[in-house]
Structures are given as C-alpha cells and as structure tokens.
Amino acid sequence: MGRTAAILVARLIFGGVFVMAAAFKFAGMDSTAGYIASAGFPFPLLLAWIAAFFEVGLAVALLTGAFFSEAALLAAAYVLFLALAFHGPSRWEGNQAEFGFFIDHFTFIAGLLFAAVHGPGDTLAIRKSYL
C-alpha cells in the first residue's frame with residue numbers, strides 16, 4: 001500500500017508540474033513568447049503554443065499512465081533542453097541564481113528517468129486504493 005501511495009504521489013507531482021507550466025503559458029502566452037524571444041529563438045509565439053500543448057500532453061500521460069515511460073523520457077529531454085536554453089552557462093554571469101535554477105532541473109530529470117525505467121506502477125492497485 002505504501003509503495004502504491006508513493007507512486008501515486010509521484011505521478012501527481014510530475015503531472016501537476018506540467019499542468020501548472022501549461023496553465024501559466026495559456027494564461028500569459030505573450031509573456032511566455034517574450035521569454036522565449038529573449039533566449040534568441042525564432043517564432044516565439046508559435047513555440048509558446050507548441051510548448052503549452054506539449055506540456056498538456058505530458059501531464060495527461062504522466063497522470064493517466066498512458067505511454068508513461070515514453071512520456072517520462074520525453075519530459076526528461078524537454079526539461080534538459082529548458083535547463084540549457086533558459087538557465088544555462090551563458091546566464092550565470094549576469095545572475096548567480098540562474099545556476100541554482102539550472103541545477104534544480106537535474107533533480108527533476110533524475111526523477112523522470114527513474115520513473116521512465118520503473119513505469120507508472122500497478123494502475124489496478126492505484127484504482128483499488130481509491131475504493
């Protein structure tokens with residue numbers, strides 16, 4: 001029972017992070033596009049919309065367990081990209097806090113990789129725990 005609860009909490013955290021990220025993007029798409037543009041990417045508004053829908057897809061997969069391992073691997077690659085593109089070494093000199101933001105991404109990546117290897121857990125046991 002404890003293992004099932006831990007897996008469920010982990011899945012809720014993983015999915016919740018991507019739900020929040022997508023919600024912030026949808027609520028402030030122009031701000032998100034501005035941030036993307038500040039990193040030097042072309043077509044920032046298009047990329048912001050793509051990122052928001054991608055994060056919704058990740059959230060759905062991580063919360064439901066559908067394509068869980070594949071989604072966790074994609075999420076880990078995405079988080080690595082975000083760390084490098086938006087908090088990488090070129091940003092450390094101007095703001096030392098960026099190094100901390102950069103490092104924080106790696107703890108999330110580690111969790112996602114662990115989840116990808118071990119899968120979504122026994123979804124039947126998770127469903128039974130609700131009853």
Side-chain angles (χ1 to χ4, degrees):
M1 179 72 171
R3 180 172 189 219
T4 300
I7 290 170
L8 180 59
V9 169
R11 284 177 51 185
L12 289 172
I13 291 169
F14 288 141
V17 167
F18 288 108
V19 165
M20 287 189 309
F24 284 127
K25 284 177 182 60
F26 286 124
M29 197 57 72
D30 289 333
S31 296
T32 300
Y35 193 62
I36 291 170
S38 75
F41 289 100
F43 312 111
L45 188 57
L46 175 64
L47 291 176
W49 280 101
I50 291 169
F53 283 111
F54 182 66
E55 289 168 353
V56 168
L58 290 174
V60 168
L62 294 169
L63 290 171
T64 65
F67 304 102
F68 182 86
S69 292
E70 296 85 354
L73 285 174
L74 283 172
Y78 179 62
V79 171
L80 177 61
F81 164 75
L82 295 175
L84 293 169
F86 296 101
H87 305 289
S90 65
R91 304 223 177 204
W92 298 346
E93 189 175 319
N95 181 357
Q96 289 183 334
E98 289 291 340
F99 179 72
F101 300 147
F102 178 76
I103 294 300
D104 286 346
H105 284 70
F106 288 89
T107 56
F108 194 46
I109 291 168
L112 288 164
L113 292 174
F114 191 86
V117 169
H118 292 281
D122 182 0
T123 55
L124 182 60
I126 290 171
R127 278 188 237 126
K128 284 181 181 178
S129 70
Y130 283 124
L131 301 176

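One-based numbering along the sequence shown. Bear in mind the structure is a predicted one, so any value in this text is a computation, not a measurement.
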Connected-component partners of Phe43 among ILVMFWY, side-chain separation under 4.5 Å: Leu46, Ile50

CG-CG distance between Leu80 and Leu113, expressed to the nearest 0.5 angstrom: 9.5 Å

Residue list, side-chain contact (heavy atoms from CB on, under 4.5 Å) with Phe99, at least two apart or on another chain: Trp92, Ile103

Closest non-hydrogen atom pair between Ala52 and Ala22, with its separation: O-CB, 3.6 Å

Any residue meeting ring-ring contact (aromatic ring centres under 6.0 Å, His included) with His87, in chain and number order, not counting sequence neighbours: Phe101, His105

Closest contact, heavy atoms only, Phe106 versus Phe102: CD1-O, 3.3 Å

Residues, nucleotides or ligands: over 12 heavy atoms within 6.0 Å of Phe67 CZ: no

Leu45 side, atom CG; Asp30 side, atom CG - distance, nearest 0.5 Å: 6.5 Å

Under the side-chain contact (heavy atoms from CB on, under 4.5 Å) test, residues paired with Tyr78 that sit two or more places apart: Phe18, Lys25, Ala51, Phe54, Glu55, Leu58, Leu82

Where Ala71 and Ala61 come nearest, the two heavy atoms and their spacing: CB-CB, 3.4 Å

Hydrophobic cluster membership, Met20 vs Val56, 4.5 Å side-chain cutoff: no

Partners meeting side-chain contact (heavy atoms from CB on, under 4.5 Å) with Phe114 (sequence neighbours left out): His118

All side-chain contact (heavy atoms from CB on, under 4.5 Å) counterparts of Val19, not counting sequence neighbours: Ala59, Leu63

Residue pairs passing the salt bridge (Lys or Arg N to Asp or Glu O under 4.0 Å) test where at least one lies in residues 78-89, sequence neighbours excluded: none

Cluster link Leu47 to Met29, ILVMFWY, side chain under 4.5 Å: no

Nearest non-hydrogen partners of Pro120 and Gly65, listed with the distance: CB-CA, 4.1 Å

Qualifying salt bridge (Lys or Arg N to Asp or Glu O under 4.0 Å) pairs, either residue in residues 72-82, two or more places apart: none

Same apolar cluster: Phe14 and Leu12, side chain cutoff 4.5 Å: no

Same apolar cluster: Leu8 and Leu62, side chain cutoff 4.5 Å: no

Geometric class of the Phe41/Phe86 ring pair [parallel <30°, tilted 30-60°, perpendicular >60°]: tilted

Residue pairs fulfilling salt bridge (Lys or Arg N to Asp or Glu O under 4.0 Å) with at least one residue in residues 99-117, sequence neighbours excluded: none

Closest heavy-atom pair and its distance - Gly119, Ser69: CA-OG, 3.9 Å

Selection residues 69-81 - residue pairs positive for salt bridge (Lys or Arg N to Asp or Glu O under 4.0 Å), sequence neighbours left out: none

Common cluster, Phe68/Val17, ILVMFWY with side-chain heavy-atom separation under 4.5 Å: yes

Residue pairs, two or more places apart or on separate chains, that pass side-chain hydrogen bond (donor to acceptor under 3.5 Å, both in side chains) and touch residues 33-49: none

